[in-house]
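Everything below concerns the one structure shown next.
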Amino acid sequence: MGGTFGTRCGLPAVLLYALYQETNPLSAHTQCPLRHFKVGTMTTCTPWLQCPEIRAEVRRVKLIGQGAVKKVYLSEWRGQKVALSILSSEQYTDDFLHGLSMLRALQSAHVVTLVGACEEDGVFVTEYHPLGSALTLDATLAQDRYRWRNSWHTRLQLAIDYVAFLVYLHSSPVGIRVICDSNDLHKTLSQFLLASEMRLLANDLDALPEVERGCRGVKCGHHELTGDFVAPEQLWPYGEDVQFSDGAMPGYDEKTDIWKIPDVTRFLLGNVLGSDVIHFHLFQIYTECKRKEPHMRPTALEVLSVYRSVYDSMIESQSQRVRDML
């Protein structure tokens, strides 16, 4: 029986129900009061680090990431590994400070843990996740130590994490926010970290403009966007004969994030046993997400409800097969 179940499901039966219980990211956020943190092997919560502590106690180890806005260093603080983000250029100060303000305001089970910040030095510190961004998913799950997690359970849960973050973002404590650093799949995935317990955490929050109802909407940058990944309303609507003008480009809202959900989900699900069945069950919601008219697309909460329903039905189907084998 065990061999058959392992072949069909990719997981030992004893782990099935444990995985089913993983409905919320494992996070210290629920264990610490506001403006406090706990990372790594820490057993008690500590107030966010301020400038004096960061300057004196955070030691850089090596550069692990670099973008236009910031450089990220693996660092050490009192024996704990942390990530130190440093402003790359003063011309991106506004983006850097926006990202920091979002990191502070959106601390939750969906977002990487903030350890501290020093605005006057242009630095902030977050929890370190050694697996890096979601772009490493396939390579990570191919490693011996994680291969047993390369299942539809793990991958669908990651997709649920992604959509759950959109739900939080679209009804956040600081208004309706849109992911603007999402003009292609690679860029979108790079905004999220892959935690060692195989959960997604939003990490790069440098471009989350607010949608204010009754206003013109938001625009992701000042340049023309192209390609199939971005939503139709993000494309220049006046044809090739009319030169692009940022001032003439209409704004848009959070439904641009909904358009991208199927593409992100397909990457996260990969090509494992059961993924084709999941795609079949999600076909209708994919279609609704890809409606050209933004107002016709579902909300992130509606998508999340479908995803969780599919997860539950897949679990129940496998459980029934196990019972039939007994």
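FYI, the numbering just counts along the sequence from 1. Small disclaimer: the values here were computed from a predicted structure and weren't measured. Keep in mind that the numbers below use all heavy atoms, side chains included, and drop hydrogens, waters and symmetry copies.
- Taking 4.5 Å as the limit, every side-chain heavy atom of His129 sits out of range of all side-chain heavy atoms of Leu194.
- No side-chain heavy atom of Val111 sits less than 4.5 Å from a side-chain heavy atom of Leu201.
- Here the side chain of Ser108 pairs a donor or acceptor atom with the backbone of Leu106 at under 3.5 angstrom.
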For Glu254 and Arg177, what are the C-alpha separation, side-chain angles and deciding distance, and is it a salt bridge (charged side-chain N to carboxylate O under 4.0 Å, His left out)? CA-CA 7 Å; Glu254 75 278 8; Arg177 298 283 169 168; over 6 Å; no
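- Formation of a donor-acceptor pair under 3.5 Å by the Thr154 side chain with backbone atoms of Ser151 is not found in this model.
- Of the N and O atoms on the side chains of Asp257 and His170, at least one donor lies less than 3.5 Å from an acceptor on the other residue.
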Run the numbers on Thr188 and Ile179 for side-chain contact (heavy atoms from CB on, under 4.5 Å), then give the verdict. CA-CA 8 Å; Thr188 303; Ile179 303 178; 5.6 Å; no
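- Residues Gln157 and Met198 have side chains not in contact (no heavy-atom distance under 4.5 Å, counting atoms from C-beta outward).
- Atom CG of Asp246 has more than 12 heavy atoms from other residues, nucleotides or ligands within 6.0 Å.
- For the atom pair Tyr168 OH and Leu301 CG, the distance stands at 15.0 Å (nearest 0.5 Å).
- To the nearest 0.5 angstrom, Leu137 atom CG is 10.0 Å from Leu269 atom CG.
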Applying side-chain hydrogen bond (donor to acceptor under 3.5 Å, both in side chains), run through Gln284 and Glu288 and close with a yes or a no. CA-CA 6 Å; Gln284 182 59 40; Glu288 294 174 15; 3.2 Å; yes
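- Atom CE of residue Met314 and atom OG of residue Ser309 lie 12.0 Å apart, to the nearest 0.5 angstrom.
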Show the numbers, then the answer: is there a salt bridge (charged side-chain N to carboxylate O under 4.0 Å, His left out) between Lys290 and Asp228? CA-CA 11 Å; Lys290 290 293 188 180; Asp228 295 331; over 6 Å; no
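- Judged by distance alone, with hydrogens and angles left aside, the side-chain atoms of Ser88 form a donor-acceptor pair with the main-chain N or O of Lys70 at under 3.5 Å.
- Counting non-hydrogen atoms of other residues, nucleotides and ligands closer than 6.0 Å to OH of Tyr146 gives a total above 12.
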Apply salt bridge (charged side-chain N to carboxylate O under 4.0 Å, His left out) to the pair Arg147 and Asp144, showing each step before the final yes or no. CA-CA 5 Å; Arg147 192 167 289 137; Asp144 289 341; 2.6 Å; yes
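- For the pair Lys219 and Met249, the minimum side-chain heavy-atom distance is below 4.5 Å.
- Gln191 and Ser182 share no side-chain donor-acceptor pair at under 3.5 Å.
- Atom CD of Glu90 has 12 or fewer neighbouring heavy atoms from other residues, nucleotides or ligands inside a 6.0 Å radius.
- Between the side chain of Ser101 and the main chain of His98, a donor-acceptor pair closer than 3.5 Å is present.
- At a threshold of 4.5 Å between non-hydrogen side-chain atoms, the residues Tyr307 and Thr265 count as touching.
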Carefully, step by step, assess Asp253 and Ile176 under the rule side-chain contact (heavy atoms from CB on, under 4.5 Å). CA-CA 9 Å; Asp253 62 19; Ile176 302 168; over 6 Å; no
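- In this structure, a donor-acceptor pair under 3.5 Å is present between the side chains of His279 and Tyr286.
- The backbone N or O of Val112 sits less than 3.5 Å from a side-chain atom of Gln107, completing a donor-acceptor pair.
- A distance-only check finds a donor-acceptor pair linking the side chain of Arg297 to the backbone of Lys292 [under 3.5 Å].
- Salt-bridge annotation for Glu120 and Arg55: present, with a side-chain N of the basic residue lying under 4.0 Å from a carboxylate O of the acidic one.
- Residues Phe37 and Leu114 share a closest heavy-atom pair of CB-O, 3.4 Å.
- Leu205 and Tyr92 fall within the same hydrophobic cluster, where Ile, Leu, Val, Met, Phe, Trp and Tyr residues are linked whenever their side-chain heavy atoms come under 4.5 Å apart, directly or through other members.
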Could you check Ser85 against Tyr73 for side-chain hydrogen bond (donor to acceptor under 3.5 Å, both in side chains), going step by step and ending with a plain yes or no? CA-CA 6 Å; Ser85 295; Tyr73 292 85; over 6 Å; no
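- Tyr128 and Ser75 share no donor-acceptor pair across their side chains, judged by distance under 3.5 Å alone.
- Under the 3.5 Å distance criterion, the side-chain polar atoms of Trp48 are left unmatched by any main-chain donor or acceptor of Arg104.
- Thr140 places a side-chain N or O within donor-acceptor distance of the main-chain N or O of Thr136, the cut-off being under 3.5 Å.
- No side-chain donor-acceptor contact under 3.5 Å links Arg59 to the backbone of Glu76.
- Using a 3.5 Å distance cut-off with no hydrogens or angles, the side chains of Trp236 and Glu224 do not pair a donor with an acceptor.
- Between Phe96 and Phe124, the ring planes are tilted. Angles from 30° to 60° get that label.
- The SG atom of Cys220 sits 7.0 Å away from the CG atom of Leu225 when rounded to the nearest 0.5 Å.
- Under the 4.5 Å side-chain criterion, counting only non-hydrogen atoms from C-beta, Phe192 is not in contact with Leu158.
- Counting heavy atoms from C-beta outward, Val72 and Gln66 have side chains that stay 4.5 Å or more apart.
- Between the OG atom in Ser313 and the CD atom in Gln318 there is a gap of 10.5 Å [rounded to 0.5 Å].
- Using a 4.5 Å heavy-atom cutoff, the side chains of Pro130 and Ser196 are not in contact.
- One finds the OG1 atom of Thr287 at 10.5 Å from the CG atom of Leu282 (value rounded to the nearest 0.5 Å).
- When atom types are taken as modelled, the side chain of Ser171 and the backbone of Val167 share a donor-acceptor pair closer than 3.5 angstrom.
- Listed here is the closest heavy atom pair of Pro250 and Arg216: CA-NH2, 4.5 Å.
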Before you tell me yes or no, could you show the steps for Asp161 and His110 under side-chain contact (heavy atoms from CB on, under 4.5 Å), namely the whole-Å CA-CA distance, both residues' side-chain angles and the distance that decides it to 0.1 Å? CA-CA 8 Å; Asp161 288 345; His110 308 285; over 6 Å; no
